[in-house]
Amino acid sequence: MKATWEKVFEYSSKPVQGTLSRKLRKGVSVQVNEGKVYEKAVIFLGEEFVRITEEGKDGQSCNTYYDWAKIDSVRTCSAKEKE
């Protein structure tokens, strides 16, 4: 499943120039394992883990790590396109 989850994260984000990290696309949010919803986050797709970095209270940088083998679901949300 790792390859599938990598594609989901890649489609919902764009590369951050000069790094291996990816920034969520504008208007896209991601939720891993029905947990916290990340809206303005940077994702690092490591070999054995996923790290999601977001700005916390008082401007702190907060990192959440997920083991690839323990990711059961990834939900992406974005605004519906107008017809």
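Note that these values count all heavy atoms, side chains included, but never hydrogens, waters or copies made by symmetry.
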Heavy-atom pair with the smallest gap, counting every atom of G56 and C62: CA-SG, 3.8 Å
Cation-pi check for Y38 against K36: NZ or CZ below 6.0 Å from the six-membered ring centre and within 45 degrees of the axis, yes or no? yes
Following the transitive rule for hydrophobic clusters with a side-chain heavy-atom cut-off under 4.5 Å over Ile, Leu, Val, Met, Phe, Trp and Tyr, establish whether [X] and [Y] coincide in one cluster.
X: L24; Y: W5; value: yes
X: V28; Y: V8; value: no
X: V50; Y: V74; value: yes
X: V30; Y: M1; value: yes

Under 3.5 Å, side chain of [X] to main-chain N/O of [Y], donor-acceptor pair present?
X: D58; Y: Q60; value: no
X: R25; Y: S13; value: yes
X: D72; Y: N33; value: no

Validation row: [X], [Y] side chains within 4.5 angstrom (heavy atoms):
X: V42; Y: I52; result: no
X: L45; Y: E10; result: yes
X: R51; Y: S21; result: yes
X: S61; Y: T53; result: yes

Is the shortest side-chain N to carboxylate O distance from E47 to K2 below 4.0 Å? yes
Please work out whether the ring planes of F44 and F49 are parallel, tilted or perpendicular, with thresholds of 30° and 60°. tilted
Quick check for you: to the nearest 0.5 Å, what is the distance between I43 atom CD1 and K23 atom NZ? 12.0 Å
Using 0.5 Å steps for rounding, measure from the SG atom of C77 to the CD atom of E39. 9.5 Å
With sequence neighbours left out, what residues match K40 under salt bridge (charged side-chain N to carboxylate O under 4.0 Å, His left out)? none
For R75, what residues pass the salt bridge (charged side-chain N to carboxylate O under 4.0 Å, His left out) criterion, not counting sequence neighbours? E34
